[in-house]
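Below is one structure; the comments refer to it alone.
Quick note on labels: first sequence line is chain A, next is B, and so on, each numbered from 1. Below, all heavy atoms of this structure are taken into account, side chains as well, without hydrogens, waters or symmetry copies.
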2 protein chains.
Amino acid sequence: MVNIGDVARAAGVARSTASYALSGKRAISDEVRLRVQQAAAELGYTPNAGARALATSRSNVIGLLAQFLPDEFAPAMLQYIQGVANTARDLGYDILLSSDPDGPAALKRLTDSRMVDGVVLLNVAEDDERLPVLRTAPQPGALVGLPGDCTGVDVFDLDFEEAGRAMVEHLVDLGHRDLVLVSQPAHVVERGGAYVWRLQNAAIEAAAQRGVRLRPVHGSSSQPDIGRDLHAILDAHPEATGLLLNNEAAAAALPTVMHDRSLSAPGDLSVVGRYSDEFARTFSLPFSSIESAPDRLGRMAVRQLVRRIEHQIPGDAPHVVRFVAPELVDRGSTAPPRRR
Amino acid sequence: MVNIGDVARAAGVARSTASYALSGKRAISDEVRLRVQQAAAELGYTPNAGARALATSRSNVIGLLAQFLPDEFAPAMLQYIQGVANTARDLGYDILLSSDPDGPAALKRLTDSRMVDGVVLLNVAEDDERLPVLRTAPQPGALVGLPGDCTGVDVFDLDFEEAGRAMVEHLVDLGHRDLVLVSQPAHVVERGGAYVWRLQNAAIEAAAQRGVRLRPVHGSSSQPDIGRDLHAILDAHPEATGLLLNNEAAAAALPTVMHDRSLSAPGDLSVVGRYSDEFARTFSLPFSSIESAPDRLGRMAVRQLVRRIEHQIPGDAPHVVRFVAPELVDRGSTAPPRRR
DNA sequence: CTGAAAGCGCTTACAG
DNA sequence: CTGAAAGCGCTTACAG
């Protein structure tokens, strides 16, 4: 493989001069710079990543810790990964993807080995075991998802409280007084999936304030179980006129379930979900929803991370906790309830 | 950060001895080995990845080139990525995920910089522009997908010819004589998506041999366009009793379309698709299908790649082109055609 | 069985 | 504006 010594020799300069000419880190005469650049191009020179990382203590790689949990709906995960990967590339970073089920160990190895300049954590839990590891690491970290303790990390998430309120308000304003909220499985809550109870508690409170009934229920996070769950839920709550979904699998399964029961939205039931527009297109979902903005969250996380890596913000700059405001995308699945 | 010098000092040995004690690459007295291992554990030593890569010319990283093309159905991609990532981890490799739209440039940078020990290519086209780059690279490469020219690379793919024949045979054996095959958009074919015509040509030939009619049509690869396409296809071919799908988006959309037309399978129409079991579960698909085995293909590709990287097979061992035999997963969506 | 030293390919103070 | 040299943290022949 051609190295910087080959380039230097071809250009007739010292290796240090070649390095500077290529990096632009100090003034080089136009003539020499051009000669070096030309030699590098002709020889097809690409710096050795390991050598550069060793010399600079920088790898230009971002670690992406994404766990494919059996109780998460995989297609929803992909969107975060794409958002992170695309933004990283645009900013000149490669992505090292770790799907290791042992998150803390994987994170420790990635940071201790200096393979990565920073990390993005997905599937963040209330009491995430990766956080203590991350806090002692020299590299900065950005999270997509809100943990209980945000010290030492930058945090980005959808404002699930506001999302819960917005869903309730929207339906109550239309005249609904009997709502059902389908959340993730209880197991996700036990694991510390705070977004479940953040949305749920806010929805319950908003419903109480408006004097309407809201029943929270759990639903499976995979097919075909969730279809069966939805049938049971609709059987159990015939009086409900509004359905709120904080469960992607439920959203994906609902059209079929409604078809089977000859129900249509918003005629028989008003429905509002919480998922991304891309997700809605993938599954052809006809339901209005709170946009969960995975691409935007991934982008925000990477941008902030890169700012810290490149010291574009002072080292002691306070860490941020930033919420994306929920926006309701109207797909026409809500209307005033039918008189009964 | 603690380095091998710190470990050596703590154990009271030379750096080289510490290195050997940890790697086991030469005989070390039990006593010294234990002292070194203990010191490493106590200090929390993790080797610097860049330094090790520089010294050994090995990074223990596999490059995964996956393009998120607008005309590919993203959820289907994820399965290949998971298969590759999980197998790599099991074999002690990290994954560098590149989603760069400029595949050849990304591949050249990854290999020239020695960031990766080998690469796995997804979305392989008939005349894939990344292949010339890969052939000149010193690292081995494994493909998921069959290109026109397989020299110098290991190739793994579903046997799409056999899949096409199997789908036709299955329906013809049941008595069907009028079939429609829904493929990917023409655009995928133009880009060189060989699996489209490999399945289609084999299906056409099998139908001709059996003396039945098979009409090949294209369908969009995204929602909601594909729903509209399917309606148009069913409108145009009322005489068809069997539907073959080589298009994931079409499979995902078909239940809704059939519902809308009050059609059921296999009563009104026999349907057989080509997708993975995991995909079927994600979308609750009720259709029998040829298993596309993305996890298995990802695993095979990584295993072979690692064998080459680690020289477990001779350097001049011939490259392989291995096809996974299609298996029909019966979900009860096919039956003899209704008499008309 | 163990140690001292060279070398991997960069970058960056240090001299001039 | 340019060059010679040190150093990043490993591994691995080379000596003993």
By side-chain hydrogen bond (donor to acceptor under 3.5 Å, both in side chains), which residues pair with [X], not counting sequence neighbours?
X        : answer
A:Glu310 : A:Tyr93, A:Gln312
A:Asp149 : A:Thr151
B:Asp117 : B:Arg58, B:Ser59
A:Arg322 : none

Atom pairs, N/O to N/O, protein against nucleotides 6-9 of chain C, distance under 3.5 Å?
from, atom 1, to, atom 2, distance (Å)
C:dG9, N2, A:Ala51, O, 3.3

(message) Can you list everything that forms a ring pair (Phe, Tyr, Trp, His ring centres under 6.0 Å) with B:Tyr195? Sequence neighbours excluded, please.
(response)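 B:Tyr195: ring pair (Phe, Tyr, Trp, His ring centres under 6.0 Å) contacts with B:Phe160.
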(request) Applying ring pair (Phe, Tyr, Trp, His ring centres under 6.0 Å), name anything that partners B:Phe156, two or more places apart in sequence or on another chain. (result)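 Partners of B:Phe156 by the ring pair (Phe, Tyr, Trp, His ring centres under 6.0 Å) criterion come out as none, since no residue qualifies.
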[N] [atom2] sits how many Å from [X] [atom1], rounded?
X        : N      : atom1 : atom2 : answer
B:Ile28  : D:dT11 : CD1   : P     : 13 Å
A:Met115 : D:dC10 : CE    : P     : 14 Å
A:Asn60  : C:dC10 : CG    : P     : 15 Å
A:Arg9   : D:dG3  : CZ    : P     : 14 Å

(request) From the options B:Arg308, B:Arg307, B:Arg303, select the one residue that forms a salt bridge (Lys or Arg N to Asp or Glu O under 4.0 Å) with B:Asp154. (result)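 The single option meeting the salt bridge (Lys or Arg N to Asp or Glu O under 4.0 Å) with B:Asp154 is B:Arg308.
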(request) Using both pair distances under 3.5 Å as the test, note the stems of at least 3 consecutive Watson-Crick or G-U pairs that include DNA chain C. (result)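 Only these stems qualify: C:1-3 with D:14-16, C:5-12 with D:5-12, C:14-16 with D:1-3.
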Distance-only donor-acceptor pairs under 3.5 Å for side chains of residues 27-39 of chain A, two or more places apart:
from, atom 1, to, atom 2, distance (Å)
A:Ser29, OG, A:Val32, N, 3.3
A:Asp30, OD1, A:Arg33, NH2, 2.6
A:Glu31, OE2, A:Arg35, NH1, 2.8
A:Arg35, NE, A:Ala11, O, 2.9
A:Arg35, NH2, A:Ala11, O, 3.1

(request) Using a cut-off of strictly less than 4.0 Å, decide whether A:Ser29 has a side-chain nitrogen or oxygen near OP1 or OP2 of D:dC1. (result)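 Answer no for this pair, as no side-chain N or O of A:Ser29 is under 4.0 Å from OP1 or OP2.
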(message) Base, sugar-phosphate or nothing for A:Ser19? Non-hydrogen atoms, less than 4.0 Å.
(response)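 Base contact.
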(message) Need one value for A:Ser16: base, sugar-phosphate or nothing, where a base atom within 4.0 Å counts as base even if backbone is also close, heavy atoms only.
(response)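 Result for A:Ser16 = base.
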Throw together a table of side-chain donor-acceptor distances under 3.5 angstrom for residues 75-84 of chain B, partners on residues two or more places apart or in other chains.
from, atom 1, to, atom 2, distance (Å)
B:Gln79, OE1, B:Ser276, OG, 2.9

(request) Could you check A:Arg33 against B:Val2 and say which one's nearest nucleotide on DNA chain D is further toward the 5' end? (result)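 Taking each residue's closest nucleotide, the earlier one in sequence belongs to A:Arg33.
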(message) Once side-chain contact (heavy atoms from CB on, under 4.5 Å) is applied, do any residues pair with A:Ala137, and if so which ones, sequence neighbours excluded?
(response)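 A:Thr111, A:Gln139.
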(message) Ignoring hydrogens, what is the shortest heavy-atom contact between A:Leu122 and A:Arg130? Give both atom names and the distance.
(response)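 For A:Leu122 versus A:Arg130, the nearest heavy atoms are O-NH2, 2.7 Å.
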(message) Can you pull out the residues from residues 20-27 of chain B that lie within a 4.0 Å heavy-atom distance of DNA chain D?
(response)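 Those residues whose heavy atoms fall under 4.0 Å from DNA chain D, taken from residues 20-27 of chain B in numerical order, are B:Tyr20, B:Lys25, B:Arg26.
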